[in-house]
Amino acid sequence: MIGGGVQGSREAGAGPLLLGVRHHGPGSARSVRAALDAARPRVVLIEGPPEADALIPLAAEEDMRPPVALLAHAVDEPGRSAFWPLAEFSPEWVAIRWALDHEVPARFIDLPATHTLAWGRDEGDEGPAGRPDDPAGEMPEASRSEAPSDAHGTGPSGEDAVGDEAAAHVAVRVDPLGVLAEAAGYDDPERWWEDVVEHRGTGQGDVFEPVTVLEEAMGVLRETYGTCGHDRDLVREAYMRLQLRAAQREFGDDVAVVCGAWHVPALRRKSTVAADKALLKGLPKVKADMTWVPWTYRRLSRHSGYGAGIDSPGWYGHLFGAPDRPVERWLTKVAGLLRDEDRMVSSAHVIEAVRLAETLAAMRGRPLPGLSETTDAVRAVMCEGSDVPLALVHDRLVVGDVLGEVPQAAPAVPLQRDLDRIQRRLRLKPEALERELELDLRKENDAERSRLLHRLRLLGVAWGEPTASRGSTGTFRETWRLRWEPELSVRIAEAGVWGTTVLAAATAKAEADAVSASELADVTALAERCLLAELPDALPTVMQILADRAALDADVGHLAQALPALVRSLRYGDVRGTGTGALTEVAAGLAERVFVGLPPACAALDVEAAEEMRRHVDAVHGSVGLLGEVAAPGQDPSAASGQGGGDASGPSATVTIAGKDGQGAATAIPGQDPPAATAATAVSGPHGREDAPAPAHRGLRGRWQAVLRVLSLRDTVPGVIRGRAVRLLLDDGELAQDEAARLMGLVLSPGTAPGDAAAWIEGFVGGGSGGGMLLVHDERLLGLVDAWLTGVPAEAFTDVLPLLRRTFSAYEPGVRRTLGELVRRGPGQRGSAAGAGVGIAGFGADLDGDRADAVLPVMRLLLGLDDDHDDDVANADDNNLAGVAG
């Protein structure tokens, strides 16, 4: 491989040692290390922003672990930033460490970041930090966009300094790697580079020969293609020549330069100082700060959106770190990973995979197996031809999840310092690998973690993303999906304008967002976020703006959208011990205004508007149900709100099962019709109680039910809303089953247009399994629907079919199957498993003892009944259970 073996020699008077490299190339890194060992220069010049010279000594710190990146950002505009990433196999990092180890000065000589950042701004680039640059050119900067290339050939990290116009010119840039590969007869530039650089040793040759040959190749390419008209390369190279001359005046020719191979011919070219300075005259400037930030292997891969020029940083890191037999060591790593995933991989598989990889390399004329050969061998031998485990190997090993670390001594904005302190105190370490974090808000440390993550989200630092909890739906539980991305360092610097601590910055940002919010729903959502983040100083401002906006907004849709967030905020406030008195009053007033304005707002709506208003009705119904409940001390509010988070383990507990999307629940009670869904159900038992409404909310439910009655009977209201109103009244027990059947019969009479009748059905039985179960248990309603559908005229059937299909396709497969069986044998007929017999619809006339006995063991296990109960108690329990099971 390049850079190994015998020390070479350079002729006296040959000038500075110019080491052209491929950024992030392990072969180039070894070549640089060998050349520096042989030449022993007095100073090392490296392609990179000169403002970072003061940060170079930090690379020798014990707690500095690559991959890391130099971050530059404009002081007055922190969001305008640029990265220069470095991995352990980056030639620039190797040069820095060599200089520090040998106590030799190291300096960056690329165009200063103060110009780089201003250049992008003045050309109108508004892209955020982290935007990908052109990924084509992976060795020198020739294939990059017209923006100044960073230390790895991407432009200033492919970030703000690269404009859209620059990206438009990428296609016309020459790819020197591709040109050289094509000249050598390769159709894949990556394979060519691996064969001639990564996999070939120099034997007893001169260590300077590879860089000399590469310089000659780049010289020919530049003579042929020039700079393709991109002036930024010319400006950067002029600045580098000036820095090189300054170093030569100080150290003579004992100077080594590590830069992209594309620039070497330009640095070797003779030009006058006046000509170079003329190119730099009048460059725009901004005040810039620089620091080190952690980077990740995933961000070095173009697959992650950052065009750093390498597809396989994990593979390159392995090649650079393996002392010998890289293929055998690599396949051993793969086998270890697959074993950890419970796949049967033995040492025999490793031996066979090595043999296959070497055979493939020989057949393809390659000196050593590369990534393609080892991947093919892994697929055939260890993965049995499947690409599923191979994808895991690619993600975990070929790309990798390595996250670098920077020392505490690195410069940072005050907000970053505060965040670091909080992370250490809460034992919440940033990690590159995505992971789930379960929080129990009753624990102080977990509650503080939750507050931190919510505050960071409010600041735009999306370290954590809330996700649905698998273990519990209670509001005492939170689940977060965490992954630390390098761009978050930029977001923190940008958020530093709001304050020096996370709390102060989040408070200031919330107040500013409240003032600038354009919609009422935005303000209510912000109030909810303030409660989640526990920002008591921001809440009064937000609530004042909320009250003002609510008083002025006459749009019922806006009011209905805003109400659910307020109600959720009340629940969160109770869980977190936050005062919500102001929210309570605003929520009650908002609900009253919705009650008054909703009936006229539902008149004369088209299909889309009617469907949107139906969603508003559902949201208001759920909110009103929650407004009438206040969780008992020590009880999970989710129990009082129909979210299934209560304690139902005791023998006397009545379990309320949450309905779909939190719209309600169904509690099976023998001898009664099972309610399909209700948003105002509770869990009562030895650990809970039926909660009384708060004083401000007494009577809200009754007034809301009066509104629903108006909507259900008014002919000018679209059918989907009328049907939904009837359904909600039926669920709450405010409408008798016979009355609901009568209203359905009227709507499905021949005098009603088929389209309006179908919309009514969608509103009444739509929304998932709740409506389906209603039809299963009340065959009178199913019979009405069946009779109406069979009587729809043929010319109208094709119009209503899509709507009906959308309604019934939302049901679960078991519900659809049961409905099909009922329709097949005819609603109201005896003999169906769904509940034939006399008495109340949906229930059998007598208990089925055999079926009840079969489920008793499971019921006892679920309810936690001990096996050593007294016989009388056990018999009583079994009788109760049999009643439920029957």
Side-chain angles (χ1 to χ4, degrees), residues 1-5 24-31 33-34 67 87-89 181 185-204 297-298 300-301 303 310-402 432-433:
M1 300 183 184
I2 288 181
H24 299 318
S28 290
R30 284 188 294 268
S31 176
R33 185 164 56 192
E88 61 180 340
F89 51 83
Y186 284 75
D187 57 0
D188 184 357
E190 277 293 322
R191 288 185 57 193
W192 174 82
W193 179 259
E194 282 196 348
D195 286 352
V196 301
V197 177
E198 305 299 342
H199 294 160
R200 289 195 181 275
T202 56
Q204 302 298 315
Y297 272 4
R298 196 169 298 278
L300 290 174
S301 168
H303 297 296
I310 55 173
D311 295 302
S312 48
W315 166 253
Y316 275 16
H318 169 79
L319 289 180
F320 184 73
D324 55 18
R325 296 188 296 178
V327 175
E328 290 85 344
R329 294 177 183 273
W330 176 257
L331 292 174
T332 301
K333 281 185 181 180
V334 173
L337 172 65
L338 294 178
R339 286 195 196 104
D340 291 341
E341 297 297 324
D342 295 329
R343 293 191 64 87
M344 300 296 292
V345 179
S346 67
S347 56
H349 286 88
V350 177
I351 295 171
E352 185 61 28
V354 170
R355 290 174 177 171
L356 178 57
E358 291 175 344
T359 302
L360 290 173
M363 293 177 62
R364 296 170 182 175
R366 307 193 68 180
L368 284 175
L371 181 59
S372 59
E373 285 73 32
T374 56
T375 300
D376 290 343
V378 169
R379 179 190 290 109
V381 178
M382 298 183 185
C383 299
E384 300 177 347
S386 173
D387 285 337
V388 175
L390 195 66
L392 178 68
V393 173
H394 181 274
D395 185 65
R396 298 279 185 86
L397 294 181
V398 177
V399 175
D401 287 304
V402 178
L433 183 64

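Quick caveat, the model's predicted, so the values are computed rather than measured.
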Taking S386 for its side chain and V388 for its backbone only, find out whether a donor-acceptor pair lies under 3.5 Å. yes
Indicate yes or no: at least one non-hydrogen side-chain atom of D324 is less than 4.5 angstrom from one of R329. yes
Hey, does P369 have a side-chain heavy atom less than 4.5 Å from the side chain of L360? no
Quick check for you: to the nearest 0.5 Å, what is the distance between L319 atom CG and L368 atom CG? 9.5 Å
So CE of M363 and CG of L356: to nearest 0.5 Å the spacing works out to 9.5 Å
Closest non-hydrogen atom pair between [X] and [Y], with its separation:
| X | Y | answer |
| --- | --- | --- |
| D401 | A432 | O-CB, 3.4 Å |
| V345 | A335 | CG1-CB, 3.7 Å |
| E373 | A361 | CG-N, 3.8 Å |
| H318 | P326 | NE2-O, 2.7 Å |
| P313 | V399 | CG-O, 3.5 Å |
| E88 | F320 | O-CE2, 3.3 Å |

Partner residues of [X] under the side chain to side chain donor-acceptor pair (under 3.5 Å) criterion, sequence neighbours left out:
| X | result |
| --- | --- |
| R339 | none |
| T332 | none |
| D342 | none |
| D340 | none |

Sequence neighbours left out, cut at 3.5 Å: what donor-acceptor pairs do the side chains of residues 374-385 make with other protein atoms?
{"from": "T374", "atom 1": "OG1", "to": "G370", "atom 2": "O", "distance (Å)": "3.2"}
{"from": "T374", "atom 1": "OG1", "to": "L371", "atom 2": "O", "distance (Å)": "3.0"}
{"from": "T375", "atom 1": "OG1", "to": "L371", "atom 2": "O", "distance (Å)": "2.7"}
{"from": "D376", "atom 1": "OD1", "to": "R379", "atom 2": "NH1", "distance (Å)": "3.1"}
{"from": "D376", "atom 1": "OD2", "to": "R364", "atom 2": "NH1", "distance (Å)": "3.4"}
{"from": "D376", "atom 1": "OD2", "to": "R364", "atom 2": "NH2", "distance (Å)": "2.8"}
{"from": "R379", "atom 1": "NE", "to": "D387", "atom 2": "OD1", "distance (Å)": "2.8"}

Using the six-membered ring wherever Trp is involved, compare the ring planes of F89 and Y297 and label them parallel, tilted or perpendicular (cut-offs 30° and 60°). tilted
Could you work out, with ring pair (Phe, Tyr, Trp, His ring centres under 6.0 Å) as the rule, every residue matching H349, not counting sequence neighbours? none
Under the side chain to side chain contact (heavy atoms under 4.5 Å, CB included) criterion, do W330 and L397 qualify, and how do the steps go? CA-CA 9 Å; W330 176 257; L397 294 181; 3.7 Å; yes
Is the shortest side-chain N to carboxylate O distance from K333 to E328 below 4.0 Å? no
If you draw a 6.0 Å radius around CZ in R355, do more than 12 non-hydrogen atoms from other residues or ligands fall strictly inside? no
Evaluate salt bridge (charged side-chain N to carboxylate O under 4.0 Å, His left out) for E341 paired with R396, printing each intermediate quantity in order. CA-CA 12 Å; E341 297 297 324; R396 298 279 185 86; 3.8 Å; yes
